[in-house]
Amino acid sequence: MSVYGGIEAGGTKFVCALGTGPDDLREELRFPTTAPEECIGKSVAFFREAAAKHGGLAAVGIASFGPLDPAPASPTFGHITTTPKPGWAHTDLAGPIARALGVPVGFDTDVNGAALGEFRWGAAQGMDTFVYITVGTGIGGGAMVNGGLVHGLMHPEMGHVFPPHDRTEDPFEGLCPYHRDCLEGLASGPAIERRWGARAETLSPEHPAWDLEAKYLAHGIVPQIYILSPQRVILGGGVMDQAHLFPKVRRHVGEILNGYIQARVLLEDLDSYIVPPGLGNRAGVLGAVALAQRAAGAD
Ligand code: ADP
Ligand code: ZN
């Protein structure tokens with residue numbers, strides 16, 4: 001039986017894993033995101049060694065931070081494109097890995113990957129239209145619509161919509177280098193830290209940061225509900241480790257929708273509509289494994 005490689009390529013860390021699914025992850029390696037050549041080298045060495053032990057590698061999937069080019073027909077397929085991350089702009093990530101390992105490589109955004117993982121094994125099983133949003137160092141969203149991951153022109157950038165920003169209530173100007181007070185600029189982990197002068201994970205659940213955070217997130221989620229009509233919204237990322245945020249986000253979403261969409265789940269059961277990832281913090285790397293299976297034509 002063949003095994004698959006998954007790479008969760010994050011802005012702060014890489015996670016490489018070898019396996020076939022959540023109950024069968026056989027090897028794993030984590031390391032900090034340094035220069036591209038070093039990260040690519042470590043990943044290739046890991047898969048060579050791990051695959052030799054476990055009967056051969058069928059394909060690799062890469063679920064990466066972006067922006068990136070996920071279009072297989074494009075000359076820059078597999079590249080990270082305009083990231084502000086030092087050393088990483090216009091980096092070919094998929095190409096060198098595919099050439100070094102000699103296997104098909106699937107490549108998509110971290111959030112599209114996580115969405116695919118949640119579809120196969122997690123909180124979106126049996127659904128064909130849903131959204132996966134991560135709230136961490138940045139805010140990003142992936143979507144499956146009618147059974148296909150959304151790419152279109154490039155890939156969705158759900159973190160850069162504009163929630164209403166009342167500067168009397170919240171004078172913080174926002175930190176997105178492109179838009180300042182877009183959703184990511186106001187509600188990412190670093191935005192929370194900059195506004196309150198303390199890392200998000202150190203703020204108590206009673207801190208006023210969280211109701212403001214929930215309101216901004218709700219204003220980011222509601223447009224996705226109106227536009228894509230998702231059957232479920234999955235919220236992951238480090239900031240969402242604050243479990244008390246979920247009821248707050250649901251309440252604000254309910255208030256903003258104000259009963260307009262007459263779907264039972266929105267009117268009566270937001271607890272099962274806005275949920276954490278079924279795969280927990282393994283959604284990213286398992287999503288990458290799912291991308292590998294798809295690249296191998298095995299799903
Ligand atoms: P990345 O986005 O780099 O993949 P994370 O999703 O862990 O990684 O996001 C990191 C951000 O999330 C940081 O800004 C950090 O302060 C915040 N964060 C991490 N863990 C928690 C937590 N338990 N509660 C609140 N915020 C957290
Ligand atoms: Zn922005």
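None of the values given here were measured: they were computed from a predicted structure. We count ligands from 1, going down the list as the structure has it; atoms in each ligand are counted the same way.
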Novice: Taking atom 26 (N) of ligand 1 as the point of reference, which of G236, A209, A200, A243 owns the nearest heavy atom?
Specialist: A200
Novice: Taking the inter-plane angle between the rings of F14 and W88 on a 0 to 90° scale, is it parallel (under 30°), tilted (30 to 60°) or perpendicular (over 60°)?
Specialist: tilted
Novice: Could you tell me whether P190 approaches ligand 1 through its side chain, its backbone, both or neither, with non-hydrogen atoms closer than 4.0 Å?
Specialist: both
Novice: Taking atom types as modelled, is there a side-chain donor on S64 or D110 under 3.5 Å from an acceptor on the other?
Specialist: no
Novice: Would you mind checking which non-hydrogen protein atom is closest to atom 23 (N) of ligand 1, with the distance to 0.1 Å?
Specialist: D241 CB, 3.5 Å
Novice: Which of the numbered atoms in ligand 1 are below 4.0 angstrom from a heavy atom of G237?
Specialist: 6 (O)
Novice: Counting only heavy atoms not in R194, do more than 12 fall under 6.0 Å of its CZ?
Specialist: no
Novice: Enumerate the atoms of ligand 1 whose separation from the nearest heavy atom of R199 is less than 4.0 angstrom.
Specialist: 15 (C), 16 (O)
Novice: Decide whether I133 and L149 are clustered together by the hydrophobic rule: side chain heavy atoms of Ile, Leu, Val, Met, Phe, Trp, Tyr closer than 4.5 Å, transitively.
Specialist: no
Novice: Write out the residue and atom name of the closest protein heavy atom to atom 14 (O) of ligand 1, then the distance separating them to 0.1 Å.
Specialist: G189 CA, 3.2 Å
Novice: Quick test: of every protein heavy atom, which one is nearest to atom 17 (C) of ligand 1, and how far off is it to 0.1 Å?
Specialist: E201 OE1, 3.8 Å
Novice: Side chains of H244 and K248: do they bring a donor and an acceptor to under 3.5 Å?
Specialist: yes
Novice: Would R251 and D211 pass as an ion pair if we require N to O under 4.0 Å?
Specialist: yes
Novice: Any chance the side chains of N112 and Y132 put a donor and an acceptor closer than 3.5 Å?
Specialist: no
Novice: With a 6.0 Å cut-off on ring centres, are F172 and W196 close enough?
Specialist: no
Novice: Is atom 2 (O) of ligand 1 less than 4.0 angstrom from at least one protein heavy atom?
Specialist: yes
Novice: Could an N or O of ligand 1 be found under 3.5 Å from any N or O of K13, whether backbone or side chain?
Specialist: no
Novice: Applying a 4.0 Å heavy-atom criterion (strictly less than), which segment of T137 is in contact with ligand 1: side chain, backbone, both, or neither?
Specialist: both
Novice: Can you report which non-hydrogen protein atom sits closest to atom 6 (O) of ligand 1, along with the distance?
Specialist: G238 N, 2.8 Å
Novice: Between the side chains of D69 and S74, does any donor sit under 3.5 Å from an acceptor?
Specialist: yes
Novice: Among protein heavy atoms, which sits nearest to atom 4 (O) of ligand 1, and what does the distance come to when rounded to 0.1 Å?
Specialist: T12 OG1, 4.5 Å
Novice: In terms of side-chain geometry, is the basic nitrogen of R30 or E28 positioned less than 4.0 Å from the acidic oxygen of its partner?
Specialist: yes
Novice: Under a 3.5 Å cutoff, is there a donor and acceptor pairing between the side chains of E184 and S188?
Specialist: no
Novice: Around the Zn ion (ligand 2), how many protein N, O or S atoms are found at less than 2.8 Å?
Specialist: 4
Novice: Just wondering, are more than 12 heavy atoms of other shown residues or ligands nearer than 6.0 Å to CD in E255?
Specialist: yes
Novice: Tell me, which protein residue and heavy-atom name are nearest atom 25 (C) of ligand 1, and how many Å apart are they?
Specialist: Q242 NE2, 3.4 Å
